[in-house]
Amino acid sequence: ATLDGRGGVLLPGFVDLHTHVREPGREDTETIATGSAAAARGGYTAIFAMANTAPVADNAALTDAVWRIGREVGLCDVHPVGAVTVGLEGKQLAEMGMMADGAAKVKLFSDDGKCVHDPVLMKRALEYSRGLGVLISQHSEDPRLTVGAVAHDGPTAARLGLAGWPRAAEESIVARDALLARDAGARVHVAHASCEGTVELIRFARSQGIDITAEVTPHHLLLDDSRLETYDGVNRVNPPLREERDKLALRAALAEGVIDCVATDHAPHASQEKCCEFSQAKPGMLGLETALSVIALTMVRPGLLDWRGVARVMSERPAQIVGLDDQGRPIEVGEPGTLTIVDPDAEWTVVPDELASKSRNTPYAAMTLPGRVLGTVLRGTVTHR
Ligand code: NCD
Ligand code: ZN
Ligand code: ZN
């Protein structure tokens, strides 16, 4: 396929609800500019920048600064996610209303970087978020069950002598936050669902009328804990790579719509933070530039999604969840387009040094993947080709 349209697939611009750009604080690993460039190359026209920066994005001055810098860069819309609590202790609610009213119009809030461990505080945060936006059940894990944990608590971790992270750590918090959202009359979004049981809990919560949505990462759809054999730190991520049956359940849930959308959890880290021994490596993987190809491989090729379905999980549903009105939908005649053109048949080999991201921690190095983003357009401006 070529850019003149022959054989290409035209999709609404992708929307990523879960991106870590490291500005402010760790600009050596990613900036709003390099993260935006990686996003454009991956077909994204909007990303949601997580709050676990240094300092944490817990006030309107900071969230507005992130939005403004993103606008100046101009390669994609960078929507800041606001932290729900203030300070590193995370004991006091942040001024979510101020962030929602600011220039950035914050629509998504999270406990990222300082997980809300206290259910009473989480309930108050959910009550506060009503009418403002969606609260992310961000880390979706019970920290008391994950002390020292580095890998999925299963046979592989046991054999390799790695401290295990049980499924119950995620499942119990998803159940908790769903029930708190019910009582608070609030909306909750489950970040990076990684377990078969999480899918069943979301299905149950929805059957009870709870306003719950969920995302899955490309890496949890493609990889599992069999990758740990090499002790390569690139495979360390939160939540951890699970087992084959979790992977298959997540794919089926995304096809069915129980899981609403794909989100990358793009988490850049410096090489020296990833090249050490597995348990010492920082958790997180790059995702923006490979997401479409991993979805093509895990969902389109096996027939679980057609390209219409890809538009739903990469663009429409994420845009609807946060209430973006100018993205994630087909363009009208005469309107400056916000779109992505994909060659579904092209294959490419991932070369870390060729990525636009400032970091190199892709788990797909040297892999040949199907589906190539040929071009990305943001409101009529070509941001990648
Ligand atoms: C996240 C990061 O690097 O910011 N990493 C990750 O593995 N998802 C933080 C985190 O969730 O631990
Ligand atoms: Zn997380
Ligand atoms: Zn994350």
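Atom set for the values below is all heavy atoms of this structure, side chains included, hydrogens, waters and symmetry mates excluded. Whatever order the structure lists them in is the order used to number ligands and atoms, beginning at 1.
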Participant: Show me which atoms of ligand 1 lie under 4.0 Å from any heavy atom of V237.
Facilitator: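 What qualifies from ligand 1 is 7 (O).
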Participant: Please state which part of H269 comes within less than 4.0 Å of ligand 1, counting heavy atoms only: side chain, backbone, both or neither.
Facilitator: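 Side chain only.
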Participant: Can I259 be reached from I210 by stepping across I, L, V, M, F, W or Y side chains whose heavy atoms are under 4.5 Å apart?
Facilitator: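 Linked, I210 and I259 end up in one cluster.
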Participant: Give the atom numbers and elements of ligand 1 that come within less than 4.0 Å of a heavy atom of H20.
Facilitator: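 Contacts of ligand 1 toward H20, numbered from 1: 1 (C), 4 (O).
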Participant: Where does N238 meet ligand 1, judged by heavy-atom distances below 4.0 Å: at the side chain, the backbone, both, or neither?
Facilitator: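 Both backbone and side chain.
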Participant: How is the N/O/S atom of D265 that comes nearest to the Zn ion (ligand 3) named?
Facilitator: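 Looking only at N, O and S atoms of D265, the one nearest the Zn ion (ligand 3) is named OD1.
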Participant: Give the single entry among R22, M50, H192 that approaches atom 3 (O) of ligand 1 most closely by any heavy atom.
Facilitator: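 The nearest heavy atom belongs to R22.
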Participant: Cut-off 3.5 Å, side chains only: do H189 and T213 have a donor facing an acceptor?
Facilitator: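 Yes.
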Participant: Among the clusters formed by ILVMFWY side chains lying less than 4.5 Å apart, do V78 and L378 turn up in the same one?
Facilitator: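 They do not share one cluster, since no chain of ILVMFWY contacts under 4.5 Å joins V78 to L378.
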Participant: Using the rule that Ile, Leu, Val, Met, Phe, Trp and Tyr join whenever any side-chain heavy atoms are under 4.5 Å apart, tell me whether V84 and L121 fall into a single cluster.
Facilitator: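 Linked, V84 and L121 end up in one cluster.
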Participant: Enumerate the atoms of ligand 1 whose separation from the nearest heavy atom of P283 is less than 4.0 angstrom.
Facilitator: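 In order of number, 3 (O), 5 (N), 6 (C), 7 (O).
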Participant: What is the ring orientation for F48 with H79, classed by angle as parallel under 30°, tilted 30 to 60°, or perpendicular over 60°?
Facilitator: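 Parallel, since the angle between the ring planes stays under 30°.
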Participant: I'd like to know whether ligand 1 has E273 as a neighbour, heavy-atom separation below 4.0 Å.
Facilitator: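 Not so, E273 does not reach ligand 1.
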Participant: Can you tell me how far the CG atom of D153 sits from the CG atom of L145, to the nearest 0.5 Å?
Facilitator: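 CG of L145 is found 9.5 Å from CG of D153.
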Participant: Is it true that K282 lies under 4.0 Å from ligand 1, counting heavy atoms only?
Facilitator: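 No, K282 has no heavy atoms under 4.0 Å from ligand 1.
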Participant: Is the distance from the Zn ion (ligand 2) to some N, O or S atom of H192 under 2.8 Å?
Facilitator: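 Checking H192: at least one N, O or S atom is under 2.8 Å.
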Participant: Can M96 be reached from M122 by stepping across I, L, V, M, F, W or Y side chains whose heavy atoms are under 4.5 Å apart?
Facilitator: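 As far as the 4.5 Å side-chain criterion goes, M96 and M122 are connected within one cluster.
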Participant: Check the pair E30 / H20 against side chain to side chain donor-acceptor pair (under 3.5 Å), numbers first and verdict last.
Facilitator: CA-CA 8 Å; E30 200 80 287; H20 296 272; over 6 Å; no
Participant: If you count the atoms of ligand 1 from 1 in the order shown, which ones are under 4.0 Å from a heavy atom of D265?
Facilitator: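 It comes down to these atoms of ligand 1: 8 (N).
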Participant: Vertex the Zn ion (ligand 3): angle to NE2 of H20 and NE2 of H18, to 10°?
Facilitator: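 Taking the Zn ion (ligand 3) as the apex, I get 110° for this pair.
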